[in-house]
There are 2 protein chains.
Amino acid sequence: MASQYIEVSDRIREDIINGKFAGGERLKLAELANLYATSHMPIREALRILNGQGIVDFTPNSGMRVREIDVSFMIDLFDVRLALEAVQARRAAERLTPAASNAISSAKTEFECVSAESDRDATLKANHRFHQAISQASGNREATEIEERHYQILRIVWQRYGYASERLEGVIEDHRLLTSAILDQDAEAAGLLAAAHVMRARRNLLTKMRGVERSSQ
Amino acid sequence: MASQYIEVSDRIREDIINGKFAGGERLKLAELANLYATSHMPIREALRILNGQGIVDFTPNSGMRVREIDVSFMIDLFDVRLALEAVQARRAAERLTPAASNAISSAKTEFECVSAESDRDATLKANHRFHQAISQASGNREATEIEERHYQILRIVWQRYGYASERLEGVIEDHRLLTSAILDQDAEAAGLLAAAHVMRARRNLLTKMRGVERSSQ
DNA sequence: TGATCAAATATTGGATCCGCGCTAAGAACC
DNA sequence: GGTTCTTAGCGCGGATCCAATATTTGATCA
């Protein structure tokens, strides 16, 4: 079995994603230790990991709170994502290797197949794998790690507000264009297409979030 | 007194910056506990924090190692920094407030004064404050936190390879142009100037690093 | 002589207990 | 009646001990 703190950090993350812990909620060590049937040491370790991933906020001697995920946070996150996806797509096109080329095209194809079956979780995973393939093709570990963190946060908002299933055709088209730009080693086009892709995703998400915020007032 | 793990994480970071621990070196709990006169629990907590900051690498059941900082890591880091500084400068120009405007211009002036005294540490701090002011003016917490992490890593390489004192006039000129673009709320110019500024810093650093690598062979 | 396996050792991971600081509630004094 | 000080309890931070896991060393066999 994997170490408890890894196990626990995964479970807490899943519970946050599934809304078991609300944004801003205080996470007490004793409570969590009881809930996950362990001592408080692995819990502290796990919360520290989640803190590093930006999922929980921390204040010394006062404990951890679930990070509030609101419209303004998402605007910030997509600003960063926009910049990073673009630079990674450019680098992926420039540094393209045969292995990376295969990884990207098969991830693209897989997404198209899986998304046709309207299994949301599988579609999300396939989408993640596609972007991961580009990220890894860029060879930029720093950017890849940031994007990985962001993906965990995006899972929370997609769970809460729904994934863009109505935009699925558009997403597939975006992926196709982006893939061929990278395979053609057209860095300029790849950068622009990646940026445009993220912009569309942002518009879609923000519209939904604002809709929910208004209707819940 | 602040909590021990915070104290310890700061001390370990400083020791890494000052080269007391080499890149790739294994950091053992018992050893560090002995060195910093504490038990191994605060050490674990401290290393976990440094891991979150990207300064040490971690493998479960095997412990932490000081992250190797080489040319390829710096290329990656500056790719990210280039993208982020540009987007933050644009946002800072768009969202400019009177308070942010004051903060940026006074940080710019302070850098010019301090750098004239050729105190390297103070110059670094002033440079950091200038970029921090823009970062905070952008209002993007996510980007600010990433840049803060990167700054800690840059302190290590500047300590090792020297800060660009010969480029000081150029840096001041860059800062002046960038500041006026932001104060004029010219987002386009601010973004381009910020990107150019980071590019110059990268060229300077990489040249130095490659020089040292060659001469140490 | 080199490779592989096993045992010993070194190191990380986890539980429990206690101390300390923060917070909040109640009483006393102004 | 309001403000401040004290006290109690609640929860985080840290030490120590023990368990689990990795790494290394040495021995045996091909």
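Letters A, B, ... mirror the listed sequences (proteins, then strands); counts begin at 1.
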Problem set entry | Phosphate OP1/OP2 of dG13(D) contacted by Tyr5(B) side-chain N/O (<4.0 Å) |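 The answer is yes; a side-chain N or O of Tyr5(B) sits under 4.0 Å from OP1 or OP2.
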Exercise. Between dT23(D), dA15(D), dG14(C), which nucleotide gets closest to the side-chain atoms of Gln4(A)?
Worked result: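 My answer, after comparing the listed nucleotides, is dG14(C).
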Measure [atom1]/[X] against [atom2]/[N] and give the value in whole Å, please.
X        : N       : atom1 : atom2 : answer
Arg44(B) : dA15(D) : CZ    : P     : 14 Å
Glu7(B)  : dG13(D) : CD    : P     : 14 Å
Glu45(A) : dG14(D) : CD    : C1'   : 14 Å
Leu47(A) : dG11(D) : CG    : P     : 15 Å
Asn61(B) : dA10(C) : CG    : P     : 18 Å
Ile6(A)  : dG13(C) : CD1   : P     : 8 Å
Ile49(A) : dG13(C) : CD1   : P     : 10 Å
Phe58(B) : dT12(C) : CZ    : P     : 10 Å

Taking 4.0 angstrom as the limit, do [X] and [Y] come out as a salt bridge?
X         : Y         : result
Glu142(B) : Arg149(A) : yes
Arg11(A)  : Glu14(A)  : no
Glu25(A)  : Arg65(A)  : no

Exercise. Which residue, Met64(A) or Met41(B), contacts DNA chain D at a nucleotide closer to its 5' end, judged by nearest heavy atom?
Worked result: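 By nearest-heavy-atom nucleotide position, the 5'-most residue is Met64(A).
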Problem set entry | Row check, Phe58(A) ring normal vs Arg48(A) NZ/CZ: under 6.0 Å, within 45° |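 Yes, cation above the ring, under 6.0 Å and within 45°.
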Exercise. Distance under 6.0 Å and angle within 45° of the ring axis: does Arg67(A) meet both against Phe73(A)?
Worked result: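 The answer is yes; both the distance and angle limits are met.
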For this session: Scan residues 25-40 of chain B against DNA chain D and write down, sorted by residue number, each residue with any heavy atom closer than 4.0 Å; if none is found, say none.
Result: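 Listed by number, they are Thr38(B), Ser39(B), His40(B).
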Exercise. Which residues satisfy the salt bridge (Lys or Arg N to Asp or Glu O under 4.0 Å) test with Glu68(A), sequence neighbours excluded?
Worked result: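 Partners of Glu68(A) under the salt bridge (Lys or Arg N to Asp or Glu O under 4.0 Å) test: none.
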For this session: Kindly say whether the aromatic ring centers of His197(B) and His131(B) come within a distance under 6.0 Å.
Result: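 For His197(B) and His131(B), the ring centres are under 6.0 Å apart.
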